[in-house]
Amino acid sequence: MDKSYNPAKEPEIYQSWEKSGAFTPIVPPNPKKARKEKEPFTIILPPPNANNPLHAGHALYAVEDIMIRYHRMLGDPTLWLPGTDHAGIETQFVYEKELKKEGKSRFDYDRDTLFKKIFEFVNTNRDLAKNQMKRLGFSLDWTREKFAMDEDHNQRIYAVFRKMVSENLVYRDEKIVNYCTFCGTSFSNLEVLHKSVDSHLWYFKYPVVGEKDRYVTVATTRPETMLGDTAVAVNPKDKRYSDLKNKKLLLPLVNREIPIIFDSSIDIKFGTGAVKVTPSHSPEDYDLGKKFNLKFIRIFDYDGKANDNVPKKYQGLFPNQLRQAVIDDLTTIGLMEKIKDYSHEVGHCYRCGRPIEPITSPQWFVKMKDLAASATKAVKDEKVTIFPKRFKKSFLLWMNDIRDWNISRQIVWGQRIPAWYVLDNNPEVLINFVTKDGSNVSGYWRDLQSQYDFSQIESGLQTLNAPADSPYYLSKEEAKKQGKLILQETDTFDTWFSSGQWPYSTLGWDPNGNHSPDFDYFYPTTVLDTMWDILFFWVARMIIFGLYVTGEVPFKVAHMHSRVLDAKGQKMSKSKGNAVNPVDIAQNYGADALRMALVIGVAPGSDIALSDDKIRAQRNFVNKIWNASRFVLMIIERFKEKNPDLKISSDIDISALNKDDKSILDNLNKIISSTSSNLNKYRFGQASEDLYHFFWHDFCDVYIEKTKDRGEEVIPVLLTVLITSLKLLHPFIPFVTESVYQILRGQTKLVESQLITSTWPKSVSLPQK
RNA sequence: GAAUCUAUAGCUCAGUUGGUUAGAGCGCUUCAUUGACAUUGAAGAGGUCAGAGGUUCGAGUCCUCUUAGAUUCACCA
């Protein structure tokens with residue numbers, strides 16, 4: 001044996017495991033029945049994004065590997081299913097940055113071409129993550145690997161979509177959505193970051209029509225939207241304005257007469273108690289607009305510029321430019337009353353960081369109320385146990401006031417929504433396309449149809465935007481019955497609409513009920529392990545979809561793991577330059593050292609500061625195991641030299657044990673039961689720490705030292721404690737334990753061929769005290 | 001605005017349902033060690049467990065408040 005452990009050989013060990021079939025469970029002939037007799041232990045890997053190499057956080061898949069290896073050793077049929085996610089907006093955002101380097105942008109391509117280019121880009125990256133996961137020792141069943149853009153997965157989510165449409169759980173509507181004009185897409189509420197912004201409250205005077213020198217002053221944080229105001233709202237109990245019933249105001253700069261409306265939602269104490277109402281650009285005002293049947297005047301286009309609903313001099317300005325122009329002009333004409341400092345929360349795009357523009361836009365929504373209710377019930381009834389417990393509370397809180405989910409994204413990378421529009425009788429469809437000579441054209445079908453032939457529009461199509469009440473058909477064939485000029489919706493599904501269906505889809509759920517044996521055997525899965533930051537994005541959606549589509553929860557336990565931070569406790573990110581590549585660490589110190597460093601002494605769900613010190617300490621521990629094993633083998637050799645007939649065995653003769661033997665075996669029994677119990681309770685930090693202490697202190701420092709002046713009778717106890725320790729440690733540090741085991745196997749009589757598939761230890765029977 | 005979490009040795013953190021002298025890693029001090037391992041061993045210094053109050057025979061552990069920090073959720077002008 002080498003003088004110290006050499007992690008360079010870890011990949012060979014991984015190959016031998018994979019080749020032996022240890023990662024691949026066998027599905028019995030009658031899976032449903034077999035499941036009832038013995039339930040498999042199943043984890044679906046949270047699929048990493050296909051667009052990027054793994055980061056340190058992904059190394060925490062180690063937690064899943066620990067559970068998987070533990071259950072495999074317990075003898076449970078065990079499946080850990082790998083896959084990668086297409087990660088819609090994330091990937092497109094990354095790819096657009098690549099395009100920018102070439103001096104191109106998404107506007108240079110029709111959507112089909114752009115889609116194909118992104119697909120190629122993703123394919124070149126996909127194997128990277130896979131090899132990294134192998135390097136870290138994750139015992140995933142690669143024969144079942146999936147990708148979120150696999151055709152069978154697409155077909156499944158399309159089927160679910162159609163079902164939801166037919167049951168009125170999916171609807172189209174023109175509502176206020178969170179829109180990023182830079183990314184060119186809407187977002188769900190979850191994808192909006194609320195940042196505190198130091199700004200101002202501007203007080204404008206709106207003249208009262210027909211009354212000389214009388215004004216109503218409104219206070220606003222968004223002067224620019226005043227060009228789209230269609231009312232001013234006050235509280236009916238506010239005496240300052242009670243005489244203004246049936247009066248109108250003259251909107252300055254625009255010279256439009258707007259009504260005064262009375263609604264109890266208006267806070268009398270805020271500002272002047274009078275609020276400008278812009279139904280097309282503010283969520284609250286949208287509600288008022290609906291309630292009072294106000295005009296909806298959208299003043300910003302999808303590119304963020306002011307459109308022709310504003311006076312000519314303002315057209316084409318971006319919101320911040322428009323703001324300044326409005327402030328200047330109101331000041332000039334003497335209608336700016338005052339400006340106060342004011343700090344408030346503004347929604348920003350989680351992707352590009354720019355302010356979100358709330359605008360009305362036709363989009364696809366999922367009705368959440370009933371779906372959320374069933375998920376809430378499942379969690380309350382512990383059909384799904386959320387661990388650590390504190391996340392259960394925030395889950396229920398979030399579910400409690402959930403809003404309808406905007407599932408359509410105006411990007412190309414993702415599953416294109418399977419709905420078709422008929423242009424023949426739908427002139428108001430807004431179309432963007434690239435012409436044959438490469439220029440961008442945008443316009444309504446009513447105007448375009450005379451200038452371009454349909455085939456050019458179809459082949460150059462970038463986006464279309466159909467009015468919310470446009471009829472649509474769920475297949476091209478259906479649509480064709482209605483007309484000749486057919487275009488498919490260009491919006492794609494929110495990534496989470498796809499990944500929310502990951503558990504049953506990857507296992508082979510079938511819309512027609514002909515489920516695969518895998519689905520019958522492994523679904524519902526056992527544990528879902530992920531970081532808490534996607535509890536709402538992903539975990540909640542999976543529970544919702546699972547219950548809706550299969551009638552069962554997708555997993556029984558949702559285990560939220562820690563967040564990996566750098567040595568200083570800072571969030572890792574590429575831009576900060578403090579991101580570490582887990583594979584680099586594995587090359588330098590061994591995957592085992594990294595894995596151990598990530599779990600030892602970490603409380604459930606708390607942050608992990610990953611430092612070099614910590615990794616080195618665990619590298620030392622791994623080496624300690626190597627050397628303790630080397631020592632045991634060495635003294636066996638020495639006894640053999642003295643006595644060539646010596647039988648090497650780990651069978652313990654209870655009557656021959658001395659005090660030290662009994663003490664170490666007693667501790668061994670304790671560590672066996674505490675490790676099992678800690679693993680059952682997801683207390684990986686405690687389990688690993690106890691094992692560390694037992695092996696290094698109890699076994700090496702105390703017991704081995706004491707055996708140094710004893711005879712060959714120590715061999716069975718030494719072997720028993722060593723082999724049992726290797727088994728207990730194997731889920732955490734699989735490589736060193738397996739490689740030591742293989743060496744031991746060559747030199748002593750060991751029955752089991754691999755540690756990975758060996759049985760979990762049971763306590764040694766000792767004489768009663 | 002709502003909720004959650006954290007505050008324990010110089011640093012990074014463990015400490016399950018409350019129970020004897022509060023632990024680990026790294027760092028520090030002294031010593032040992034040339035055949036398991038210097039990626040070692042032994043001994044040691046170092047904490048009024050943020051502060052105040054309460055429950056209890058007993059609290060780092062439960063409750064209340066205060067202070068400091070972090071995070072998440074949230075359509076308020």
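No experiment lies behind these values; they were computed from the predicted model shown. Just the heavy atoms: all of them, side chains too, but no hydrogens, waters or symmetry mates, feed the values below. Residue numbers begin at 1 in each chain, while the letters A, B, ... track the order of the sequences.
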Engineer: Any idea how A/His281 and A/Phe300 line up, ring-wise: parallel (<30°), tilted (30 to 60°), or perpendicular (>60°)?
Structural biologist: perpendicular
Engineer: Quick check, are the ring centers of A/Tyr215 and A/Tyr206 under 6.0 angstrom apart?
Structural biologist: no
Engineer: Give one of base, sugar-phosphate or nothing for A/Asp613, where a contact means two heavy atoms less than 4.0 Å apart.
Structural biologist: sugar-phosphate
Engineer: Hey, does A/Asp267 reach any base, or is it just sugar-phosphate, or nothing, if we go heavy atoms under 4.0 Å?
Structural biologist: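 It contacts base atoms.
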Engineer: Have a look at A/Tyr692 and say if it touches a base, only the backbone sugar-phosphate, or nothing, with a 4.0 Å heavy-atom cut-off.
Structural biologist: sugar-phosphate
Engineer: Among B/rC73, B/rU16, B/rU71, which nucleotide sits nearest the side chain of A/Lys681?
Structural biologist: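 So the nucleotide nearest the side chain must be B/rU16.
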Engineer: Whole-Å distance between B/rC26 P and A/Leu610 CG?
Structural biologist: 16 Å
Engineer: Just name whichever nucleotide pairs with B/rG23, Watson-Crick or G-U, keeping both distances under 3.5 Å, else none.
Structural biologist: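 Answer to the pairing question: B/rC13, which forms a Watson-Crick or G-U pair with B/rG23.
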Engineer: For A/Glu689 and B/rC26, what is the distance between atoms CD and C1' respectively, to the nearest whole Å?
Structural biologist: 14 Å
Engineer: Contact class for A/His693 vs. all strands (heavy atom < 4.0 Å): base, sugar-phosphate, or nothing?
Structural biologist: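 It contacts nothing in the nucleic acid.
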Engineer: Quick check on RNA chain B: between A/Lys614 and A/Pro604, whose nearest nucleotide comes earlier from the 5' end?
Structural biologist: A/Pro604
Engineer: Check the angle between the aromatic planes of A/His559 and A/Phe387 and answer parallel, tilted or perpendicular using the 30° and 60° thresholds.
Structural biologist: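 The rings of A/His559 and A/Phe387 lie parallel, inter-plane angle below 30°.
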Engineer: Here's a test of your reading of the structure: between A/Met634 and A/Thr220, which maps to the more 5' nucleotide of RNA chain B?
Structural biologist: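 Its nucleotide being nearer the 5' end, the pick is A/Met634.
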Engineer: Sticking with atom P, work out how far B/rU4 lies from B/rC63, rounded to a whole angstrom.
Structural biologist: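 It comes out at 12 Å once rounded to the nearest Å.
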Engineer: So if I take every side-chain heavy atom of A/Ile704 and compare against B/rC5, B/rA42, B/rA36, which nucleotide ends up nearest?
Structural biologist: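 Nearest to the side chain of A/Ile704 among the choices is B/rA36.
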Engineer: Could you tell me how far B/rG27 sits from B/rU39 if I compare only their P atoms? Round to whole Å.
Structural biologist: 11 Å
Engineer: Using the C1' atom as the point on both nucleotides, what is the distance between B/rA24 and B/rU8, in whole Å?
Structural biologist: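 About 13 Å, rounded to a whole number of Å.
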Engineer: So what's B/rC5 paired with, Watson-Crick or G-U wobble, going by both distances under 3.5 Å?
Structural biologist: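 Per the H-bond distance test, B/rG69.
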Engineer: What integer distance in Å separates A/Arg619:CZ from B/rG25:P?
Structural biologist: 16 Å
Engineer: Using atom C1' in both nucleotides, what's the gap between B/rU6 and B/rA14 to the nearest angstrom?
Structural biologist: 14 Å
Engineer: Aromatic rings A/Phe695 and A/Phe621: how do their planes relate, parallel, tilted or perpendicular, breaks at 30° and 60°?
Structural biologist: perpendicular
Engineer: Please classify the nucleic acid contact of A/Lys276 as base, sugar-phosphate, or nothing, using heavy-atom distances under 4.0 Å.
Structural biologist: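 Since no nucleic acid heavy atom lies under 4.0 Å of A/Lys276, the category is nothing.
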Engineer: Who does B/rG35 pair with, Watson-Crick or G-U, both distances under 3.5 Å?
Structural biologist: none
Engineer: Ignoring hydrogens and angles, does a donor from either the side chain of A/Lys708 or the base of B/rA36 sit under 3.5 Å from an acceptor on the other?
Structural biologist: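 By the distance-only test, yes, there is a pair.
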Engineer: Mind checking whether A/Phe391 and A/Phe395 have ring centres under 6.0 Å apart?
Structural biologist: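 Judged by ring-centre distance (under 6.0 Å), A/Phe391 and A/Phe395 do not meet the cut-off.
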Engineer: If you measure from the P atom in B/rU21 to the same atom in B/rG54, how many Å do you get, rounded?
Structural biologist: 23 Å
Engineer: What's the gap between B/rC5 and B/rA9 when it is taken at their C1' atoms, as a whole Å value?
Structural biologist: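 Roughly 23 Å separates the two C1' atoms.
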Engineer: Distance check needed: B/rU12 C1' versus A/Gln618 CD, whole Å only.
Structural biologist: 13 Å
Engineer: When you compare B/rG25 with B/rG46, how far apart are their C1' atoms, in angstrom units rounded to a whole number?
Structural biologist: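 Their C1' atoms lie roughly 15 Å apart.
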Engineer: With under 30° as parallel and over 60° as perpendicular, where do the rings of A/Tyr692 and A/Trp696 fit, or are they tilted in between?
Structural biologist: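 Answer is tilted, since the angle falls between 30° and 60°.
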Engineer: Answer yes or no: is there an ion pair linking A/Arg409 with A/Glu191, defined by an N-O contact shorter than 4.0 Å?
Structural biologist: yes
Engineer: Given atom CG of A/Leu397 and atom P of B/rC5, what is their separation to the nearest angstrom?
Structural biologist: 12 Å
Engineer: Check every atom of B/rG41, B/rC73, B/rC37 against the side chain of A/Phe536 and return the nucleotide holding the closest atom.
Structural biologist: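 My answer, after comparing the listed nucleotides, is B/rC73.
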Engineer: When we call it a touch if two heavy atoms are under 4.0 Å apart, what does A/Ala219 touch: a base, just sugar-phosphate, or nothing?
Structural biologist: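 If one applies the 4.0 Å heavy-atom cut-off, A/Ala219 turns out to touch the sugar-phosphate alone, with no base involved.
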Engineer: Mind checking A/Ile266 for me? I need base, sugar-phosphate or nothing, with any heavy atom below 4.0 Å counting as a touch.
Structural biologist: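 If one applies the 4.0 Å heavy-atom cut-off, A/Ile266 turns out to touch a base.
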Engineer: Tell me the interatomic distance from A/Lys393, atom NZ, to B/rU4, atom P, rounded to whole angstroms.
Structural biologist: 4 Å
Engineer: Considering every strand and a 4.0 Å limit on heavy-atom distances, what is the contact class for A/Gln686: base, sugar-phosphate, or nothing?
Structural biologist: sugar-phosphate
Engineer: Under the 3.5 Å rule, do the base of B/rA42 and the side chain of A/Glu705 count as making a donor-acceptor pair?
Structural biologist: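 No, no donor-acceptor pair under 3.5 Å.
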Engineer: Roughly how many Å apart are B/rU16 and B/rG60, using the C1' atom of each and rounding to a whole number?
Structural biologist: 14 Å
Engineer: If I take atom CZ in residue A/Phe395 and atom C1' in nucleotide B/rC5, what distance separates them, rounded to the nearest angstrom?
Structural biologist: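 It is 20 Å, rounded to the nearest whole Å.
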Engineer: Looking across every strand, which nucleic acid part, if any, lies under 4.0 Å from A/Tyr5 by heavy atom: base, sugar-phosphate, or nothing?
Structural biologist: nothing
Engineer: Give none if B/rG46 has no partner; otherwise give the nucleotide forming a Watson-Crick or G-U wobble pair with it, both distances under 3.5 Å.
Structural biologist: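 The answer is none; no pair meets the criterion.
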Engineer: Using a heavy-atom cut-off of 4.0 Å across all strands, would you classify A/Lys624 as base, sugar-phosphate, or nothing?
Structural biologist: base
Engineer: Pick base, sugar-phosphate or nothing for A/Ser611, based on heavy-atom distances below 4.0 Å to the nucleic acid.
Structural biologist: nothing
Engineer: Salt bridge or not between A/Lys9 and A/Glu738? Use side-chain N to carboxylate O under 4.0 Å.
Structural biologist: no
Engineer: Any salt bridge linking A/Asp229 with A/Lys276? Criterion: basic side-chain nitrogen under 4.0 Å from a carboxylate oxygen.
Structural biologist: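 Result for this pair is yes, salt bridge flagged.
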Engineer: Quick check on B/rU40: is either OP1 or OP2 less than 4.0 Å from any side-chain nitrogen or oxygen of A/Asn620?
Structural biologist: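 Yes.
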Engineer: Atom CG of A/Asp607 and atom P of B/rU71: how far apart are they, to the nearest Å?
Structural biologist: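 Nearest whole value for this atom pair: 10 Å.
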Engineer: Tell me what A/Arg563 touches on the nucleic acid: a base, only sugar-phosphate, or nothing, going by heavy atoms under 4.0 Å.
Structural biologist: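 If one applies the 4.0 Å heavy-atom cut-off, A/Arg563 turns out to touch nothing in the nucleic acid.
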Engineer: Are OP1 or OP2 of B/rA70 and a side-chain N or O of A/Ser606 less than 4.0 angstrom apart?
Structural biologist: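 It does not, given that no N or O in the side chain of A/Ser606 lies less than 4.0 Å from OP1 or OP2 of B/rA70.
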